[in-house]
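Notes for the one structure printed next.
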Amino acid sequence: MFFVRYFEAMAKEPPTSHNGPEAAAAPDIAAERKVTYSRLFWRFVWLTILCSLVPLLLVGWGINLHYSRFARERMLNFFQTQVEDHRKLIERFLNEHTSKLQLIARTHDRDQLLEPGALQTVFDLFNQDQRALTDLGVIGEHGFHLAYVGPYDLWARNYSKEFWFDQVMEKGVYISDMFMGFRKEPHFIIAVTHATGEKKWILRATINTESFRSLVENVRIGKTGEAYLLNEQGVYQTSPRANAAIMDKSSFPIEPYHEGIRVRVLDGLKNAQGLDRPTQIACKAWLKNPRWLLVVQQDYAEAFADVNHANTWTLVFLHLSAASILVVTVFITRHMITSIKRRDAEADRLNQQLLQAGKLASIGELSAGVAHEINNPLAIILTERQLLLDGVKHAPIADPEFREQFADSMNQIDIQVQRCKRITQNLLRFSRRTQSLIETVDLNAFIQEVVDLMEREARTSGIKFFSEPDPGLPPVSSDPSQLQQVFLNLITNAIDAHDGQPYGSIRIATQADADRQMAVVKVADTGSGIKPEHLNRIFDPFFTTKTVGKGTGLGLSICFSIVKRLGGSLSVQSEVGKGTEFTILLPYTPPKELQDSLAKKHPPKKPA
Amino acid sequence: MPGSRVLLVDDETIFTKNMSKLLKNRGYQVTAVNSGDGAIRELEQNHFDVIVLDLKMPGMDGIATLKEIIKLGLFTETLILTGHGSIDTALEAMKLGAYDYLTKPCEIDELVAKIEAAWEKKEGKN
């Protein structure tokens, strides 16, 4: 929308000024041009967008997508590595303690362990580096403790009915899930069997829940990351962060045992209070023994925060670049369209001048013909008049009143014929069939002479002249008689423009235009100005705003024609009520065509 | 001078008729023709002191007629009288050998003055 408004503002027409006789483009042409410029503008903009913005955005988005995938894959690999390492750590812990129990059971006779202090020694050895065990007991085949080291009073407990008892008796080694047991606290055990003679006995260790939990949860994965274990039924074996307790049922979807590590994005998980948790990314791996599922999960947003951050900034930068290109494109296109407009205007001006020149040439031919056709009847009228006068000389009119009337009529015929003759002479002058003579003209002095010539007439109309000659103005090679006609016409018009005003001024300034190598003459008046609708036509032949009989409408046409012929240009700017300024540009040397035509007509004389 | 023989060549019949009368009123012997061809025919048969020749005429125009007159090698002077008013053409005519030119409409006195001047030139008086 901004660009549309911007363009509309740009497309507004410049203020009225008129260079030479060229007419302002007709409204339909102007409207058509406006549409063309608009189309051109949008075509350039769209083309630039297509050639620069689209590839930039495609490449940018592509790279960003590629980077996102790459970064996510790296992130997931890191996640998986963490889970794999952690799984191994937990399995090593469990295997290590299982192996230790098996080793003790194999290397010690049951009775040895039942000796006072023996089991305590073993217990202390287990807990030497880390407080891994809560208690340690030797249980006989009937399910009663034969020896026990630990904080609980379990001597009278019979374990033969417990779920793990049969398992360990059957398998020889058993790691239980978390259960409450007789101590009514969540815990799990590692139990191994051994036989002394025919008597089987069990060495059972309860793993310190806190130590194990620390081991499981010891994974550094951001603020929202957590690691926990679930059994095959989805019951927490270690406590997660989501305010759930050990042995609570998890909402995590349990899949059957599988090898390796799997990654899932989870929606709709709930915490212990039943509230929705944010989307999670979870990495999971089954432990072989026991069948616990190690889950490492993190809020999705946090897990990919760095990637998302980088993505966001990349996209911001990308779109800012695109916006910059768009803005620059619009500005450059606008500048280009303005240049095209200027060139079009210049081309219009030249075309109009060409048209005007052609029109003037045609009208010149026509004028010459018309002048001839009128001159012949005028000549006949004059001869008829002369015949009448001759006749009256031989036969004078007797009636004095009629004689007087006859004389008046003859006089009036002569006046009107002379008036017509002046018109035809103007027409013929307009037809540009006058002789040119090129001389060196000091424009400042020359204009002053013309001003002196006109000053008396101007003074009687209350008009003052102000001359602003440029002392540095070089002389021009031009036709003084034709230049005189131009300046006389312009000054006469300037005086006439003050018709009805008690006073006014005419400013005539000269100036050297170093860039164009031309002399500039400005004739400005403080007269009534020219209406905009007339401005387009003032150089047209026979166009006049003066009353009938006062102007032929050829003055400015002749001026334009002369200046053009001398290789210059004539332009006008006017504002109604404020005045008019004519600007003449004259070359310092006449155009080659004029020089050639003069050389043809006046070949240089051979020395006698 | 009055009595001189003047050949008036113009395609405007009324003009030639009127001008003939005016010049005759002023003592000249005037013959009027309305075309270049007619002028040449007349010149081949009669002698004239001054020829008043219109430039723009149908058929043989003034310049062509002048060229033919010059070819005849006559002892006469030619005045160009034209409503066309083309100074370039008139100057061309003068380069070809015409004595002077006048533009229509012109006063009879002006024409008479030019005829006199042409006659005097022809007579070698100036």
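Every chain is numbered from 1, with letters handed out A, B, ... down the list of sequences.
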> E384(A) and I14(B): side-chain contact (heavy atoms from CB on, under 4.5 Å), yes or no, with the steps?
Replying inline: CA-CA 9 Å; E384(A) 294 287 358; I14(B) 302 172; 3.8 Å; yes

> More than 12 heavy atoms of other residues, nucleotides or ligands under 6.0 Å from CD of E44(B): is that the case?
Replying inline: yes

> Does the side-chain contact (heavy atoms from CB on, under 4.5 Å) test come out yes or no for R26(B) and D390(A), once each step is laid out?
Replying inline: CA-CA 10 Å; R26(B) 281 153 184 77; D390(A) 282 4; 2.6 Å; yes

> Within a reach of under 6.0 Å around NE2 of H47(B), are more than 12 heavy atoms found that belong to other residues, nucleotides or ligands?
Replying inline: yes

>> With heavy-atom distances below 4.5 Å as the criterion, would you say the side chains of N18(B) and Q386(A) are in contact?
In response: no

> How many angstroms lie between CD1 in I380(A) and NZ in K17(B), if you round to the nearest 0.5 Å?
Replying inline: 10.0 Å

>> Counting heavy-atom pairs under 4.5 Å with chain B, which one of N376(A), D414(A), I381(A), L378(A) comes out on top?
In response: N376(A)

>> Does atom CD (E404(A)) have a neighbourhood of more than 12 heavy atoms from anything else shown, all under 6.0 Å?
In response: no

>> Once rounded to the nearest 0.5 Å, what's the spacing between atom CZ of R385(A) and atom CG of L22(B)?
In response: 11.0 Å

> With only heavy atoms counted, which part of L382(A) is less than 4.5 Å from chain B, the side chain, the backbone, both or neither?
Replying inline: side chain

>> Taking the side chain as everything from C-beta on, heavy atoms only, tell me whether N25(B) gets closer than 4.5 Å to L387(A).
In response: yes

>> Which heavy atom of K421(A) sits nearest to which heavy atom of P105(B), and what is that distance?
In response: NZ-O, 3.1 Å

